[in-house]
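Right, one structure below, let's go through it.
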Amino acid sequence: MDLRVKLPGLDLKNPVIPASGCAGYGRELAELYDLSLLGGIAVKSATAEERFGNPVPRIAETPAGMLNAIGLQNHGVDYIIEKEMPFLEQFDTCVLANVAGASEEEYIEVIRKMNTCNRVDAYELNISCPNVKHGGIGLGTDPALAANITRMAKEAADKPVYVKLSPNVTNIAEIALAVEEAGADGLVLINTLLGMRIDLKTGKPLLANLTGGLSGPAIKPVAVRMVYQCAKEVHIPIIGVGGISSAEDVLEFLNAGASAVEVGAANFADPYICPKIIEELPDVLKRYGYASVKEAVGRSLI
Amino acid sequence: MKTDNAVISENICIAADVFRMKLKTSIADEIKCGQFVNVSVPGYFLRRPISCAEASDGEMTLIYKIVGAGTKQMSLMKEGETVSLFGPLGNGFPMLDEDILLAGGGIGVPPLLYTARLYREKGREVTVVLGFNRKEDVILEDEFEALGCQVYTAVMDGTYGISGTVSDGLDACGCSDRTILACGPLPMLKAVSERFDKGYVSLEARMACGMGACMGCVVKDHDGSSYRVCSDGPVFEIGKVVL
């Protein structure tokens, strides 16, 4: 079974990538399995300076999923290039560097610095984090702003740029088209859905940040719909993400038009989920009559 | 650190809303005192981090309290059923070459039992101060005594033992020159940290990954640097992090 997927900057041996924020910079998962098994890894967001993130509690469970409001906590791009990325050199897997910021200038600063890091294969432009007040989702919910930051990122980047879009919009296809026209090499769909839980004992929101991003199986149908919706409109590749926890889920995203997938919250329920999905994927593809991953991509769209 | 489908050999109520689950698992042979496992409860998305109360010969004991629907579901699980564990997780309590003082509040008491046994096996004197809200909440007093520990139990409503909190129990025990290892609710850990220079506190937190990848459970030190309760902790030296 041919699991290979060739995308701009990403020569994936299989379509499975742990999603940004769910696997740190790979160190923890590497204690459990060989990261070379993975198609790629999307590392935790980098900002220009260190960010301390939101107050705790940052995590709340929901039916078939969870809310998080980490707030892009990271040590800053310099530290990440120097201390975190070298760890990934020992593994034969693609690296997507997730880039975030509070202003357009900050995104560009992170990309310029990250250009010096050979371990990065492509950028994932995070214009969709729901847990920071400035930047992030503010840029991702307006087609003109999304196109503008994409254009700036493409000018600065010496590697392909994938734009990670927010589902918290009225018409995601409109944003997808805007960033495609601005030169994006691919899309990553979707980031988390904005949610809230109330603690009945206090009557107050359970998360210190009040709201958080919903992920897990609960959001899978929304993500599949948005991948399908965007795949109908754009001609650049889509990496699907949202509630994937089995090889069947992967096939569903491929059929909807994704060329590869990221697995997020499922890593918390089962830390071995990515290698398990990779192991099961050939049988599942075969069962539904495919000889390769490529064959399954976009079947729903025909 | 691994996942294991453990088989439940016992799951019984030992005090008000408190259950003892014994599990046959190879994790029992690796886990150190003060470490925890992430327990998968059928029907619930995230695992529950629960400290190890005892472990030997392929069997591990978890003592947990029903605090929500997930732990309620866990309490309904039956002998012979399997439950997925992920562990051992966290750093655990240090094994020091000295006599030790242990302080536990409520459902923070269980990890101290395993700790007490290991210190007793090294021939150390172990004094234990336990604190509970009510008499019906008292757990593990006999088990600590059976290990040869000096046990002081304080109950808030005055219906049993020393009337008051863990602090009142610490007043009564008279070993404040020893290193203290403490686990319990935040106000108790704050009181312990104000009173003792030498010692360690074990924290509780809402977690997602349990292994340091997601940054969901951070605490900060006095300079603002972050530490992950799940992987840098749950045990921190007194004064290291802001409680």
Side-chain angles (χ1 to χ4, degrees), chain A residues 18-33 43-45 50-75 199-201 206-208 212 214-218 243 245 264-273 276, chain B residues 1-5 30 37-49 67-74 83-90 186 203-233 241-243:
Chain A
S20 177
C22 298
Y25 304 93
R27 286 180 198 278
E28 294 78 18
L29 290 180
E31 286 183 45
L32 303 178
Y33 59 83
V43 296
K44 172 88 181 154
S45 293
E50 179 167 18
R51 278 185 68 100
F52 295 101
N54 291 322
V56 292
R58 295 174 170 186
I59 301 287
E61 193 178 43
T62 67
M66 61 178 285
L67 292 170
N68 89 81
I70 309 296
L72 298 180
Q73 177 166 6
N74 76 97
H75 278 110
D199 181 347
L200 298 184
K201 290 193 195 96
L206 208 152
L207 296 172
L214 180 65
S215 60
S245 57
N267 288 286
F268 307 151
D270 180 355
Y272 294 93
I273 193 70
K276 274 186 194 164
Chain B
M1 200 162 67
K2 62 182 178 189
T3 52
D4 184 48
N5 286 321
E30 296 171 32
V37 289
N38 244 352
V39 182
S40 179
V41 181
Y44 292 84
F45 185 68
L46 292 174
R47 289 168 180 261
R48 269 67 187 159
V67 292
T71 37
K72 172 74 188 169
Q73 177 66 31
M74 191 172 160
V83 50
S84 168
L85 304 178
F86 177 42
L89 302 170
L186 207 52
L203 307 186
E204 187 177 46
R206 284 178 181 270
M207 295 177 188
C209 74
M211 61 173 181
C214 78
M215 308 306 282
C217 62
V218 299
V219 285
K220 289 186 175 146
D221 69 11
H222 296 276
D223 299 325
S225 294
S226 288
Y227 297 87
R228 299 159 296 187
V229 173
C230 67
S231 56
D232 298 315
V241 297
V242 181
L243 297 177

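Residue numbering restarts at 1 for every chain, and letters A, B, ... go by the order of the sequence lines.
- A/Gln73 and B/Ser226 share a donor-acceptor pair across their side chains, judged by distance under 3.5 Å alone.
- The CD atom of A/Glu28 lies 8.0 Å from the SG atom of B/Cys230; values are rounded to the nearest 0.5 Å.
- Counting all heavy atoms, side chain and backbone alike, A/Arg58 lies closest to B/Gly216 at CB-O, 3.6 Å.
- Shown here is B/Glu204, whose CD atom has no more than 12 heavy atoms of other residues, nucleotides or ligands within 6.0 Å.
- Both the backbone and the side chain of A/Phe52 come within less than 4.5 Å of a heavy atom in chain B.
- A/Ala269 touches chain B through backbone and side chain together, each having a heavy atom under 4.5 Å away.
- Counting heavy-atom pairs closer than 4.5 Å to chain B, the top-ranked of the candidates A/Glu61, A/His75, A/Lys44 is A/Glu61.
- Closest non-hydrogen pair, A/Cys22 versus B/Ala213, comes out as O-CB, 4.0 Å.
- Here the straight-line distance linking atom SG of B/Cys214 with atom CD1 of A/Ile70 works out to 5.0 Å at 0.5 Å rounding.
- In the displayed structure, B/Lys72 atom NZ is contacted under 6.0 Å by at most 12 heavy atoms of other residues, nucleotides or ligands.
- For B/Thr3, the parts sitting under 4.5 Å from any heavy atom of chain A are the backbone and the side chain alike.
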(request) With side-chain contact (heavy atoms from CB on, under 4.5 Å) as the test, would you mind laying out the steps for A/Ile59 and B/Leu46 before giving the verdict? (result) CA-CA 10 Å; A/Ile59 301 287; B/Leu46 292 174; 3.8 Å; yes
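- If you take CZ on A/Phe268 and CE on B/Met207, they are separated by 13.0 Å, rounding to the nearest 0.5 Å.
- In this structure, CZ in B/Arg47 is found 6.0 Å from CG in A/Asp270, a value given to the nearest 0.5 Å.
- Between B/Phe45 and A/Thr62 there is no side-chain heavy-atom pair separated by less than 4.5 Å.
- The residue among A/Gly26, A/Gly53, A/Ala265 with the most heavy atom pairs within less than 4.5 Å of chain B is A/Ala265.
- Residue B/Met211 comes nearest to A/Leu29 through the heavy atom pair CE-CD2, 3.3 Å, listed as atom of the first residue, atom of the second, then distance.
- Interface remark: A/Leu207 contributes no atoms to any contact with chain B (heavy atom separation under 4.5 Å).
- Between A/Met66 and B/Ala208, the closest heavy-atom pair is CE-CB, 3.8 Å.
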